Amino acid sequence: MNQYDHNKIEKKWQNVWEKKKPNKVKENPKLKKFYALIEFPYPSGAGLHVGHPRSYVAMDIIARKRRAEGFNVLYPIGWDAFGLPTENFAIKTGIHPAKITKDNIKIFTKQIKSLGVSFDWSREIDTTDPKYYKWTQWIFLQFFNAGLAYKKKMTINWCPVDMIGLANEEVINGCCERCGNVVEKKEKEQWMLAITKYADRLDKDLDETDFIEKVKIQQRNWIGKSEGALVKFKILNSNEYIEVFTTRIDTIFSGTYLILAPEHKLIKEFSNQITNLNEVSLYQKKVSLMTEIDRTNENKEITGIQLNGLYVENPATGEKMPVCIADFVLEHYGTGAVFADAHDKRDFDLAKKINLPLKVSIKPKNEVDFDKINNLEICYEGEGILFNSSQFDGLSSEEARPKIISWLNTKGLAEIKTNYKLKDWIFSRQRYWGEPIPIVHCEKCGIVPIPEKELPLKLPNIKNYEPTQNGESPLASITKWVNTKCPNCKGKAKRETDTMPNWAGSSWYYLRFMDSKNNKAFAGKDNLKYWNQVDWYNGGMEHTTLHLLYSRFWHKFLFDQGLVPTSEPYKKRTSHGMILAEGGEKMSKSRGNVINPDESVKAVGADTLRIYEMFMGPFDQAIAWDTNNIAGARRFVEKVWKIQEYVSESTVNNDLEILIHKTIKKVSEDIEEMKFNTAISSMMIVVNEFEKVKNVSKDQYKILLRLLAPFAPHFTEEIWSILKNKNSIHSEEWPKYNPDLLESDTKMIVIQINGKVRGTVKANNDISESDLRKQIEDIPEIHKWIVNQEIKKVVFIKGKLLNIVV
RNA sequence: GCCCGGGUGGUGGAACUGGUAUACACGCACGACUUAAAAUCGUGUCUCUUACGGGAUGCGGGUUCGAUUCCCGCCCCGGGCACCA
């Protein structure tokens with residue numbers, strides 16, 4: 001037997017696979033298909049880190065198992081290469097982003113190939129390749145033609161450091177997701193995608209998917225569906241109404257005043273009625289200067305100001321209600337206006353502070369503290385029984401809501417309404433390194449899309465990538481590129497200079513993998529039909545409300561256009577936990593604690609690294625890297641290697657055979673549930689047993705190797721060939737266990753006295769209670785517990801346990 | 001504040017549908033091999049007790065013959081959302 005030389009073995013087989021391309025897949029309608037997907041990486045300058053393989057290897061194990069089960073498996077890889085870090089590096093070094101991207105891809109490719117992941121490299125894609133982004137632009141034009149891509153002047157989140165507009169999803173606690181600086185507001189014309197049109201389906205259709213529950217919950221929270229009513233409050237001395245969204249129409253009878261967002265457009269419209277306009281403008285100005293952080297600060301005192309002279313009418317009571325503005329009412333949610341009563345803490349506090357009326361109409365079901373509530377000493381926010389509510393008195397909040405809505409509806413003052421927190425997606429970026437938006441602004445015709453045949457609209461080659469202080473894209477200064485002809489009237493026109501956000505390319509890439517070389521369509525109909533949708537998609541939780549939601553939106557749109565065969569892109573979505581640095585801190589470039597897999601691959605081999613990463617803990621849980629523990633994985637690999645020394649041609653040990661079949665079952669099931677750590681531990685148990693008995697048949701060894709091959713593809717392949725097998729281990733069928741072997745006739749039966757374990761007895765599986773009782777009475781350790789005791793009760797579970805209560 | 005996870009040895013963790021808690025691995029200790037060390041192999045390793053036994057799965061209760069697992073009330077840690085009407 002040779003020494004185990006991981007470097008030699010891994011290089012050898014990687015070369016074979018490079019030549020033979022065993023993972024290259026072709027559409028074949030006769031074969032069942034399986035589409036496995038990982039989030040394609042951003043090729044950063046830092047290279048791969050140990051977090052990447054966790055996901056790649058996990059899906060690799062599943063993909064390899066599926067191939068062994070006879071599936072036609074698509075497991076592709078590519079590059080999500082547009083993005084800020086590359087552009088920033090280009091600014092710093094003067095090297096063209098395309099060149100940087102190319103170099104980084106080279107490094108990533110080499111690193112990923114050194115891990116032995118069974119990707120189909122023939123379908124490799126790169127989102128910055130004009131052949132790819134031609135179709136990203138094409139899909140954008142479909143959005144535009146359908147009226148779902150539109151331009152809007154709006155206050156955007158502006159990062160003054162990166163000098164870029166951010167989508168709401170990219171703002172974390174009022175700070176830029178990338179650089180952490182406080183985000184400012186800026187008025188700017190922006191391209192928007194109308195994701196809110198799909199809010200309801202994005203929520204509802206989650207039911208059809210097999211996503212892990214926490215992903216569904218997080219998306220649902222983000223979409224923020226809430227069902228309630230739209231209520232109209234008549235403005236006194238006018239024919240106009242203020243619309244208010246509420247989920248608590250049961251409290252309408254206690255509505256005593258109205259609160260508008262400080263930015264509400266009716267304030268301007270009715271300024272002639274407002275008698276304290278100076279004060280009001282002052283307050284509005286103060287609010288507009290506040291940052292997101294200040295405005296949402298928990299300890300901030302509640303503020304607001306009444307609009308003197310402006311009154312509305314409560315649609316339920318007909319009572320005259322004053323109107324005020326307060327910063328806690330948000331312009332962009334609901335209608336930017338709420339009605340206030342004593343059943344909301346903020347309304348309650350504000351009324352006390354600026355001296356506005358309050359009324360109570362809900363009594364708690366248990367009536368605790370009702371006197372205090374009724375005397376407006378404390379605020380009760382819960383549901384309860386209505387009172388002070390004329391014909392609805394005595395109803396519960398839940399009963400009352402539909403009744404009040406339909407009553408007001410007959411008067412034309414209310415309707416059922418569903419509201420969403422989700423906002424439309426800000427789709428422009430004022431940056432160079434992104435897909436140019438294929439639009440022309442014509443002096444005569446206005447906004448004109450570029451004809452399809454002119455796609456791709458390529459990024460012009462420039463020397464300076466710096467964004468500009470005024471918020472314009474660097475493309476704006478390339479007059480030669482900007483000045484163009486209108487495709488419509490051939491007159492003077494200017495190109496759109498904003499580019500798409502880095503989420504654009506990744507919103508449909510899984511479709512391109514189905515037919516990556518097609519130059520007539522983003523993917524051919526037959527290929528779309530065959531691959532249908534992604535069967536299993538693994539990725540990080542951090543993409544739940546960004547990439548995952550965006551791509552579901554794009555896919556649904558394409559489905560509505562009749563361009564894809566399914567309404568959901570991904571059948572199943574799972575998520576890996578992050579790998580943390582040693583000590584439990586997050587790995588990051590700035591902390592300087594990023595662990596690169598190359599060292600481990602060199603020192604102990606890719607097979608060992610793969611086993612270590614799969615064994616380190618539950619797959620969905622964050623876990624700290626521990627270099628010491630790699631030794632355990634390496635020892636295991638060496639033990640498997642050494643079985644060659646004592647494996648024999650013919651002997652079969654029956655106990656071992658049972659253990660092996662148990663292990664086939666365990667490993668097969670654990671892979672499906674992504675319980676890779678326990679799958680490996682069960683194989684370790686087999687190997688430890690092999691070592692102990694030193695009496696292992698070749699067939700038994702082969703089963704172990706077959707089970708281990710998806711985890712450690714190189715050295716299992718090597719041993720396989722040493723054992724004189726002609727074919728690759730990876731094209732061998734997945735082993736099946738023999739259920740008869742698992743149902744043994746004799747079992748260890750646990751004997752308990754008063755629920756405490758006092759011994760175990762080996763007995764026939766279907767031994768009766770009385771026979772078992774007789775048998776155990778002779779055993780001294782058990783006998784001593786029951787002698788001279790009154791037996792009160794006996795619990796017997798056949799083939800498992802006997803509990804005697806004395 | 002709301003919504004998800006989670007809390008088990010020195011460490012990472014295991015435990016089916018309520019049925020032998022601590023599998024597997026790391027570390028450590030001791031032993032074997034060695035002139036020596038590394039590697040490897042073997043033994044031990046929750047805790048109290050000399051022992052018989054007892055006690056331990058964040059804390060306090062409950063259900064049960066029996067609870068890491070189910071129920072109620074807390075505490076702590078991680079993640080997400082957050083003035084959302």
Side-chain angles (χ1 to χ4, degrees), chain A residues 172-173 212-222 224-226 228-229 231 244-249 251 258-259 261 295-298 300 302-303 326-330 332-341 343-347 349-350 381 419-422 541-542 544-545 577-578 580 584 611-612 615-618 620-633 635-636 638-639 642 666 669 675 677-688 691-692 748-760 784 792-797 800-806:
Chain A
I172 310 293
N173 288 331
I212 48 168
E213 207 49 36
K214 62 176 172 180
V215 168
K216 290 192 189 186
I217 290 167
Q218 235 180 76
Q219 287 211 349
R220 286 218 160 94
N221 286 346
W222 187 261
K225 180 175 180 171
S226 79
V231 193
V244 165
F245 173 74
T246 178
T247 54
R248 290 296 304 276
I249 193 136
T251 64
L258 216 67
I259 317 173
R295 199 161 160 175
T296 56
N297 187 342
E298 261 176 69
K300 188 182 68 94
I302 203 153
T303 63
D327 61 357
F328 67 81
V329 175
L330 307 171
H332 57 252
Y333 185 75
T335 60
V338 298
F339 76 82
D341 57 48
H343 297 295
D344 180 287
K345 189 80 175 65
R346 296 157 305 171
D347 302 350
D349 291 345
L350 182 63
E381 294 190 288
N419 222 334
Y420 301 91
K421 284 187 205 171
L422 188 70
M541 277 313 285
E542 70 275 19
T544 302
T545 53
M578 239 190 304
L580 308 168
I611 287 172
Y612 168 62
F615 184 65
M616 63 197 301
D620 59 354
Q621 201 175 290
I623 201 154
W625 185 263
D626 186 348
T627 306
N628 279 340
N629 282 339
I630 300 178
R635 274 178 210 144
F636 171 62
E638 283 179 15
K639 281 182 187 177
K642 273 196 198 136
K666 175 85 178 144
E669 289 171 357
K675 287 156 97 175
N677 52 336
T678 51
I680 291 169
S681 96
S682 71
M683 289 187 278
M684 285 172 167
I685 290 168
V686 169
V687 172
N688 290 346
E691 284 213 314
K692 213 163 114 194
M748 293 301 283
I749 296 174
V750 176
I751 310 299
Q752 297 182 331
I753 313 293
N754 289 342
K756 281 204 177 10
V757 179
R758 296 303 178 187
T760 52
K784 71 177 177 191
K792 285 189 189 150
K793 191 174 176 178
V794 178
V795 180
F796 176 66
I797 297 162
K800 228 173 193 175
L801 161 139
L802 182 79
N803 186 11
I804 299 170
V805 185
V806 297

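These numbers come from the heavy atoms of this one structure, side chains and all, not from hydrogens, waters or symmetry mates. What you are looking at is a predicted structure, and each value in this text was computed from that prediction instead of being measured. Lettering of chains follows the sequences in order, A, B, ..., and the numbering in each one begins at 1.
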Within this structure, what is the CD1-to-C1' distance between A:Ile611 and B:C24, rounded to whole angstrom? 13 Å
When the P atoms of B:G58 and B:A32 are compared, how many Å lie between them, rounded to an integer? 41 Å
Please state whether the phosphate of B:C65, meaning OP1 or OP2, lies under 4.0 angstrom from any side-chain nitrogen or oxygen of A:Lys793. yes
Report yes if the side chains of A:Ile302 and A:Arg346 come closer than 4.5 Å at any heavy-atom pair, otherwise no. yes
Regarding A:Gln621, tell me which of base, sugar-phosphate or nothing describes its non-hydrogen contacts under 4.0 Å with the strands shown. sugar-phosphate
Using a cut-off of 4.0 Å on non-hydrogen atoms, how would the nucleic acid contact of A:Val795 be classed: base, sugar-phosphate, or nothing? base
Give the rounded distance in Å between these two atoms: CD1 of A:Ile749 and P of B:G66. 21 Å
Nearest-angstrom distance, P atom, B:C4 to B:U50: 49 Å
Can you list the residues that meet the salt bridge (Lys or Arg N to Asp or Glu O under 4.0 Å) rule with A:Arg635, with sequence neighbours excluded? none
Between B:U20, B:A85, B:C65, which nucleotide gets closest to the side-chain atoms of A:Tyr333? B:A85
Between B:A14, B:C81, B:A85, spot the one nearest the side chain of A:Trp222, thanks. B:C81
Taking any heavy-atom pair under 4.0 Å as a contact, classify A:Asp620: base, sugar-phosphate, or nothing. nothing
Atom CG of A:Asp626 to atom C1' of B:G10: distance rounded to whole Å? 13 Å
Assign A:Gln752 to base, sugar-phosphate, or nothing according to its heavy-atom contacts below 4.0 angstrom with the strands shown. base
NA contact type, A:Val244, heavy-atom cut-off 4.0 Å: base, sugar-phosphate, or nothing? nothing
Has A:Gln218 got a side-chain atom pairing as donor or acceptor with A:Thr545's backbone, closer than 3.5 angstrom? no
Checking all strands, does A:Ile797 fall into the base, sugar-phosphate, or nothing category for heavy-atom contacts under 4.0 angstrom? base
Say we look at B:U69 and B:U63: how far apart would their C1' atoms be, to the nearest angstrom? 14 Å
Given atom CG of A:Asn677 and atom P of B:A15, what is their separation to the nearest angstrom? 8 Å
For the residue pair A:Lys421 / A:Asn221, report whether a side-chain donor-acceptor contact shorter than 3.5 Å exists. no
So, OP1 or OP2 of B:C26: does either fall under 4.0 Å of a side-chain N or O from A:Arg635? yes
Complement of B:C28, any strand, by Watson-Crick or G-U distances under 3.5 angstrom: B:G44
What contact category does A:Asp344 fall into here, base, sugar-phosphate, or nothing, at under 4.0 angstrom with non-hydrogen atoms? nothing
Candidate nucleotides B:A23, B:A25, B:C26, ranked by approach to the side chain of A:Asn629 - the nearest: B:C26
How far, in whole Å, is B:G42 from B:U47 if one measures between their C1' atoms? 26 Å
Measure from the side-chain N and O atoms of A:Tyr612 to the backbone N and O of A:Asp626, and report whether any donor-acceptor pair falls under 3.5 Å. yes
Going by the glycosidic torsion and a 90 degree boundary from 0, is the base of B:G80 oriented syn or anti? anti
On RNA chain B, nearest-nucleotide positions of A:Val338 versus A:Ser681: which is more 5'? A:Ser681
Between C1' of B:U40 and NZ of A:Lys642, the distance in whole Å: 6 Å
Which nucleotide sits closest to the side chain of A:Thr247: B:C84, B:A85, B:C3? B:A85
How far, in whole Å, is B:G62 from B:G78 if one measures between their C1' atoms? 29 Å
Let me know the distance between CD1 of A:Ile217 and P of B:C3, rounded to the nearest Å. 11 Å
Expressed in angstrom and rounded to an integer, what is the separation of A:Met683 atom CE from B:A25 atom C1'? 14 Å
How close or far is atom P of B:U11 from atom CH2 of A:Trp625, stated in whole angstroms? 21 Å
Compare side-chain N and O positions of A:Arg220 against OP1 and OP2 of B:C81 and report whether any pair is under 4.0 Å apart. no
Considering all heavy atoms of both residues, which atom of A:Phe328 and which atom of A:Leu350 are nearest to each other, and what is their separation? CE2-CD2, 4.1 Å
Going through the distances and angles, do A:Lys666 and A:Thr678 end up as a side chain to side chain contact (heavy atoms under 4.5 Å, CB included)? CA-CA 8 Å; A:Lys666 175 85 178 144; A:Thr678 51; 4.0 Å; yes
What pair of heavy atoms forms the shortest contact from A:Gly334 to A:Asn419, and how long is it? CA-ND2, 3.0 Å
At under 4.0 Å between heavy atoms, what does A:Lys214 touch on the DNA or RNA strands: base, sugar-phosphate, or nothing? sugar-phosphate
Closest of B:G19, B:C26, B:A85 to the A:Thr246 side chain is B:A85
Over all strands shown, is A:Leu801 touching base, sugar-phosphate only, or nothing at heavy-atom distances under 4.0 angstrom? base
So A:Ile623, base contact, sugar-phosphate only, or nothing? Heavy-atom distance under 4.0 Å. sugar-phosphate
When rounded to the nearest Å, what value does the distance between P atoms of B:G66 and B:A15 take? 25 Å
Describe the nucleic acid contact of A:Lys345 in one word from base, sugar-phosphate, nothing, applying a heavy-atom distance below 4.0 Å. nothing
Residue pair A:Ala337/A:Val805 against RNA chain B: nearer the 5' end by closest nucleotide is A:Val805
Nearest heavy-atom approach of A:Val805 to A:Asn754 is CA-OD1, 3.3 Å
Using a 4.0 Å heavy-atom cut-off across all strands, classify A:Lys639 as base, sugar-phosphate, or nothing. sugar-phosphate
Pairwise C1' distance for B:C72 and B:A67, with rounding to whole Å: 15 Å
If you go through the side-chain atoms of A:Asn803, does one of them form a donor-acceptor pair with the base of B:C65 closer than 3.5 Å? yes
Using atom C1' in both nucleotides, what's the gap between B:G55 and B:U68 to the nearest angstrom? 16 Å
At 4.0 Å (heavy atoms only), tell me whether A:Val750 reaches a base, stays on the sugar-phosphate, or touches nothing. base
